[in-house]
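Inspection log for the structure reproduced underneath, given as C-alpha cells.
For clarity, every value in this text was computed on a predicted model and none was experimentally measured. What you see below is based on every heavy atom in this structure, not just the backbone, and it leaves out hydrogens, waters and symmetry mates.
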Amino acid sequence: MVLAAGRGERMRPLTTTMPKPVLPVLGRSMIVQILTGLARRDLRDVTVNHALPICVVRDVLGDGSELGLDALHYSEEATLQGTAGGVRDAARFLRGDGPILVRNSDFFSDVDPLAVARAHRESDAAATLVLVPHRPGYTAVPVDADGRVLGFGEDGSIAGSRGASRYLFAGLQVLDEALIDRIPAAGPCDLVGHLYRDLAREGRIRAFLHDGFWWEFGNPETYLEGSLRLLDLDPAVRHAVAD
C-alpha cells in the first residue's frame with residue numbers, strides 16, 4: 001500500500017493546487033516513479049489511498065497498467081483518516097496474502113522492499129520498520145543490540161540503559177495482516193501513535209537498518225535539495241532510487 005492522502009501542508013505553496021505525491025521530481029511525478037519502481041521489483045498489486053474531492057492522484061495513475069502493475073486499487077477518503085486509518089479503510093484490498101508492505105509517497109530510497117519483506121518473514125516480529133541513521137529534525141527511534149525498536153521520541157527515555165542506537169523511521173514498513181484488527185475501528189488514527197508504541201512496549205517491532213540513499217521531500221527546501229542530490233548520484237544508483 002502507498003499512502004498518498006495527506007494534505008502536504010509542509011510543502012505549501014507547492015501543494016496549494018496539487019497533492020504532494022503528484023509533484024514532479026526530475027521531471028516525473030513522485031508517485032508515478034514509486035509505483036513504477038514497485039512494479040519493477042515484481043510488487044504489482046498495489047493499493048493507493050487518496051483524499052476526496054481531489055482526484056488528481058487517480059487521474060495521474062489511471063489503472064496502473066502503463067506503470068507495469070497488474071492491479072491498482074484506490075481507497076478514497078472523504079475525511080482524512082491518518083496512516084493507520086488509511087490502512088484500516090483499505091483492508092478489503094490488503095487482506096488474504098500475508099504481510100503487507102506499506103510506504104509513504106514522499107520519499108525516494110534505494111532500499112530493497114523485497115529484502116525488507118524477507119527479513120520480516122524470517123523474524124518473530126509483528127512489524128518491521130525500515131530505519132536510517134538519525135538526522136536533526138526527525139523523531140528519534142531507539143533500537144537495541146538485538147534489532148528491536150524500543151520506542152519513538154519521548155519513549156526513547158526507556159532506552160538509555162539498554163545500549164540503544166538512534167535512528168529515524170524512513171516511512172516504509174511490513175506489517176502482519178493481523179495488525180489491521182488492532183487499529184481503532186473508526187476515526188482518524190496513525191500507525192505510530194495507535195499501533196507501534198504498544199508493539200514496541202511488547203517487543204514486537206524489528207528494525208531493518210538501511211545506510212544507503214534515503215531522502216524525504218517534506219517541504220520546498222528539502223524538495224529542492226533532494227532533487228539536486230539525485231542529480232549528483234551515479235546514474236545507476238539514481239535508477240535504483242528513482243525511475
Side-chain angles (χ1 to χ4, degrees), residues 1-4 25 30-48 64 67-72 83 87 93-135 138 141-150 152 164-180 191-192 195-196 199-200 203-217 226 229-230 233-243:
M1 180 172 185
V2 176
L3 301 170
V25 173
M30 278 195 285
I31 196 166
V32 166
Q33 296 189 64
I34 288 167
L35 266 61
T36 302
L38 292 175
R40 193 172 65 239
R41 293 174 172 85
D42 293 327
L43 295 165
R44 296 197 173 100
D45 191 323
V46 177
T47 297
V48 174
L67 310 179
L69 299 177
D70 295 331
L72 177 56
T83 53
V87 172
F93 302 124
L94 305 175
R95 291 187 186 273
D97 292 316
I100 303 161
L101 177 79
V102 181
R103 64 128 49 228
N104 296 350
S105 57
D106 62 354
F107 75 86
F108 284 170
S109 176
D110 58 354
V111 64
D112 181 357
L114 293 178
V116 182
R118 286 193 297 270
H120 178 77
R121 289 180 182 275
E122 293 168 0
S123 76
D124 60 350
T128 297
L129 276 55
V130 175
L131 306 180
V132 298
H134 188 258
R135 302 174 189 174
Y138 288 90
V141 180
V143 177
D144 69 14
D146 295 323
R148 291 189 186 275
V149 172
L150 302 177
F152 299 84
S165 300
R166 286 158 41 99
Y167 296 87
L168 69 88
F169 176 37
L172 190 153
Q173 60 250 283
V174 176
L175 314 177
D176 278 354
E177 183 180 319
L179 290 181
I180 294 175
L191 287 169
V192 172
L195 186 62
Y196 291 162
L199 287 176
R204 301 184 64 203
I205 304 181
R206 286 284 184 178
F208 185 98
L209 304 181
H210 179 64
D211 61 1
F213 185 90
W214 178 84
W215 193 264
E216 180 189 46
F217 298 86
R229 285 176 178 253
L230 286 171
L233 292 176
D234 178 272
V237 176
R238 187 166 60 243
H239 180 65
V241 170
D243 185 77

Partners passing salt bridge (charged side-chain N to carboxylate O under 4.0 Å, His left out) against R229 (at least two apart in sequence or in another chain)
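Residues passing salt bridge (charged side-chain N to carboxylate O under 4.0 Å, His left out) with R229: E225.
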State which residues pass salt bridge (charged side-chain N to carboxylate O under 4.0 Å, His left out) with R103; sequence neighbours excluded, sorted by chain then number.
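Checked R103 against salt bridge (charged side-chain N to carboxylate O under 4.0 Å, His left out); zero matches.
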Within-4.5 Å side-chain heavy-atom neighbours: [X] and [Y]:
| X | Y | value |
| --- | --- | --- |
| S105 | L3 | no |
| L101 | L43 | yes |
| L35 | V48 | yes |
| L38 | V2 | yes |
| V116 | V130 | yes |
| F208 | V174 | no |
| R206 | H120 | no |
| F107 | I34 | no |

Identify the heavy atoms of [X] and [Y] that sit nearest to each other, and give their distance.
| X | Y | answer |
| --- | --- | --- |
| E177 | I100 | CA-CD1, 4.1 Å |
| Q33 | V25 | NE2-O, 2.9 Å |
| D234 | A236 | OD1-N, 2.9 Å |
| F169 | V141 | N-CG2, 3.9 Å |

Just by modelled atom types, is the [Y] backbone N or O under 3.5 Å from a matching donor or acceptor in the [X] side chain?
| X | Y | result |
| --- | --- | --- |
| D146 | R148 | no |
| D176 | L179 | no |
| N104 | D106 | no |

Per the ring pair (Phe, Tyr, Trp, His ring centres under 6.0 Å) rule, which among W214, F213, F217 passes with F108?
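By the ring pair (Phe, Tyr, Trp, His ring centres under 6.0 Å) criterion, F108 pairs with just one of W214, F213, F217: F217.
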Between R204 and D124 (salt bridge meaning N to carboxylate O under 4.0 Å), is one present in this structure?
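No, R204 and D124 are not salt-bridged.
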Could you tell me whether R238 and D110 make a salt bridge, using a distance below 4.0 angstrom between a side-chain N and a carboxylate O?
no
By side-chain contact (heavy atoms from CB on, under 4.5 Å), which residues pair with [X], not counting sequence neighbours?
| X | result |
| --- | --- |
| R121 | P99 |
| A207 | L131, V143, V149, L209 |
| A39 | R44, L69 |
| D97 | none |

Worked verdict on Q173 versus T83 for side-chain contact (heavy atoms from CB on, under 4.5 Å):
CA-CA 12 Å; Q173 60 250 283; T83 53; over 6 Å; no
For D211, does the CG atom sit with more than 12 other heavy atoms under 6.0 Å from it, leaving out its own atoms?
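At most 12 heavy atoms, drawn from other residues, nucleotides or ligands, come within 6.0 Å of this atom.
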dist R135:CZ -> R166:CZ (nearest 0.5 Å) comes out at 14.0 Å
When rounded to the nearest 0.5 angstrom, what distance separates CG in L67 from OG1 in T36?
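If we round to the nearest 0.5 Å, L67:CG and T36:OG1 are 4.5 Å apart.
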Going through the checks in order, is the side-chain contact (heavy atoms from CB on, under 4.5 Å) test met by T128 and S123?
CA-CA 9 Å; T128 297; S123 76; 4.2 Å; yes
Hey, can you tell me if F152 and Y196 have their rings parallel, tilted or perpendicular (30° and 60° cut-offs)?
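Geometry flag for Y196 against F152: parallel rings.
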